[in-house]
Amino acid sequence: MLPPPTPTGSAAAKRRTRRDAAVRAAVAQGLLDEVDSPVAAFVDLAGIGDSAHALRTAWPPELDVLHAFAAKANPLVPVLAQLRAHGLGCEVSSPGEFAQARAAGFLPEQLVLDSPVKTLAELSTALGDAIAVNIDNFEELERVDRLIGTATADVTAQRIGIRLNPQVGLGSIAAMSTAGRTTKFGIALADPGNRERLLDAYRDRPWLRWVHVHVGSQGVPLDLNAAGVAAAVDFAREVNKQRPGQVVGIDIGGGLHVDFTDDNDSPTFADHVSVLRREVPELFDGSFRIVTEYGRALMARNGFVATRVEYTKTSGGRRIALTHAGAQISARTAFAPDLWPLRVLAYDADGSPSRAEPEVQDVGGPCCFAGDLLAQERLLPRLSAGDLVVVPDTGAYAFSAPFHYNSLPMPPVHGFELARNGAVRFTVLRAAESIDEVVARSGGTVAR
Ligand SMILES: *Cc1c(COP(=O)(O)O)cnc(C)c1O
């Protein structure tokens, strides 16, 4: 009889295998030194390739799609450069992200500017460089009018759109939902008079050729996302009924949910496409170019943080492991642990998965407030001083969105790859922030 198929073929299982190899090798190569480097972050470079491939193949090849990675999810320049090498574009929402994307080598035609509060300088640079721009509100539209009035180039060839708020409702995390009735983003489509005002705006401006929508991020179900995309497509078709061919593209935003309690990719990019195909078939009829702006779903699984347990103690009967990873790694988890759970994995001091007896424990970080915990009352192999705690699924919005509380330095970020013989090769993606740099960013270089 044939043995049952083993799960080692799944993307999640392969990721686990690579992670375990990386943890072991990081210890052996001194990257998790108890004294010099008690916390470090790691990026799975092969995983980035797999995620980019899964995204690109989920969309029908006959469509013209630009997958613009939302830079805020992981703005490390070498990571952005990897994503570019895998055929992605980049969505930027601030002058800093714009500069990071340019440093990563993206060309203007691969970039989309979505800053919710664009300065005059940001807008004129973007328009001058022919970067796609999504306008957030009527006042910004007037500002673009004035800039375009002075432009010499043909602006109808540029990718300029308006971000609509389809007001389809909130997902399970209000702060991550961008299509509520009173949400701050975009122009509220269903507010009295706005649809007519928008139709007039497109009629008067032949250079408005795109429509943008982003329903939200974590916690937004696929059908809610699709309802928002449907509203954008419906609006674009209404414009085109009056002036055929004016709207050439739909930017559908991002927001694919990641399940942080598990390591299986669900929903997948293919799940998202199939719901969109069912709910918004017009998006796929070839009459529109498409931009997507996925962030979290592309990168969360491809990073982890590892930290040494410095001490353990018992308090009120609770066992607590004190580590160097806390709110500075994931402020969201520390402040809203129920909305932003993270898995925590126990490894021995040498980097092999722990086989200690499970026990209910808290895992605390280095910040001076009581909520600085990445896990509370979690059943985990009993942790001891010198052991390692690994926090998976932190490749998006975690180690690249630092919280400067207590002046903790940003940890180093190492990319890793496995050779055929199993050897792990690390490359520095971001050097550890030094204490001198912490002082410098605290006004330490200002003359006194
Ligand atoms: C944050 C954001 C995204 C990406 O959201 P994810 O949940 O990371 O996929 C895309 N578009 C816009 C406009 C955003 O603000």
Side-chain angles (χ1 to χ4, degrees), residues 48 51-52 54-55 58 65-76 79-80 83 88-94 96-98 100-101 111-118 122 126 131-137 140 159 161-166 170-180 183-187 210-222 224-226 228-229 232 249-260 265 267-269 271-273 276 290-303 330 332 339-340 393-401:
I48 295 181
S51 297
L55 170 58
V65 188
L66 172 70
H67 295 295
F69 172 68
K72 72 174 183 280
N74 191 325
L76 297 180
V79 167
L80 296 179
L83 290 164
L88 272 56
C90 192
E91 182 264 355
V92 298
S93 284
S94 73
E97 288 177 4
F98 177 63
Q100 286 159 334
L111 292 178
V112 178
L113 175 70
D114 280 345
S115 320
V117 192
K118 302 175 197 73
E122 223 179 333
I131 287 157
V133 174
N134 289 315
I135 294 166
D136 177 81
N137 56 68
E140 188 185 332
R159 296 164 296 147
I162 292 182
R163 176 168 179 171
L164 305 180
N165 174 1
L170 306 180
S172 62
I173 307 177
M176 293 291 115
S177 302
T178 53
T183 302
K184 75 167 181 168
F185 295 106
I187 295 179
W210 281 74
V211 174
H212 178 219
V213 70
H214 172 64
V215 173
S217 293
Q218 186 70 358
V220 172
L222 292 179
L224 188 65
N225 173 292
V229 175
I250 311 285
D251 179 339
I252 67 162
L256 195 61
H257 181 88
V258 171
D259 183 354
F260 288 101
D265 289 323
T268 62
F269 296 117
D271 293 336
H272 188 200
V273 172
L276 288 172
I290 296 169
V291 166
T292 73
E293 301 171 350
Y294 299 97
R296 180 177 289 105
L298 271 163
M299 279 305 297
R301 302 291 190 202
N302 295 319
S330 182
R332 282 172 175 158
L339 295 177
W340 297 99
D393 307 332
T394 42
Y397 297 100
F399 54 74
S400 53

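Owing to the predicted nature of the structure, the values given are computational and were not obtained by experimental measurement. As the structure lists them, so they are numbered: ligands from 1, and atoms in each ligand from 1.
- Within the 4.5 Å cutoff, side-chain heavy atoms of Ile252 are placed close to those of His272.
- Taking Asp136 as the reference, nothing meets the side chain to side chain donor-acceptor pair (under 3.5 Å) condition, with sequence neighbours excluded.
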N/O to N/O under 3.5 Å, ligand 1 against protein:
| unit_1 | atom_1 | unit_2 | atom_2 | d |
| --- | --- | --- | --- | --- |
| ligand 1 | 5 (O) | Ser217 | OG | 3.1 |
| ligand 1 | 7 (O) | Ser217 | OG | 2.8 |
| ligand 1 | 7 (O) | Arg296 | NH1 | 3.3 |
| ligand 1 | 8 (O) | Arg296 | N | 2.7 |
| ligand 1 | 8 (O) | Tyr397 | OH | 2.6 |
| ligand 1 | 9 (O) | Gly255 | N | 2.9 |
| ligand 1 | 9 (O) | Gly295 | N | 2.9 |
| ligand 1 | 11 (N) | Glu293 | OE1 | 2.6 |
| ligand 1 | 15 (O) | Lys72 | NZ | 2.8 |

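- A donor-acceptor pair is defined here as one N or O able to donate and one able to accept, closer than 3.5 Å; no such pair exists between the side chain of His67 and the backbone of Thr292.
- Contact annotation: the side chain of Leu298 approaches that of Leu88 to within less than 4.5 Å [non-hydrogen atoms, C-beta and beyond].
- Between the side chain of Asn134 and the main chain of Arg163, no donor-acceptor pair closer than 3.5 Å is present.
- With respect to Lys118 and Glu140, a salt bridge is recorded, a charged nitrogen being found less than 4.0 Å from a carboxylate O.
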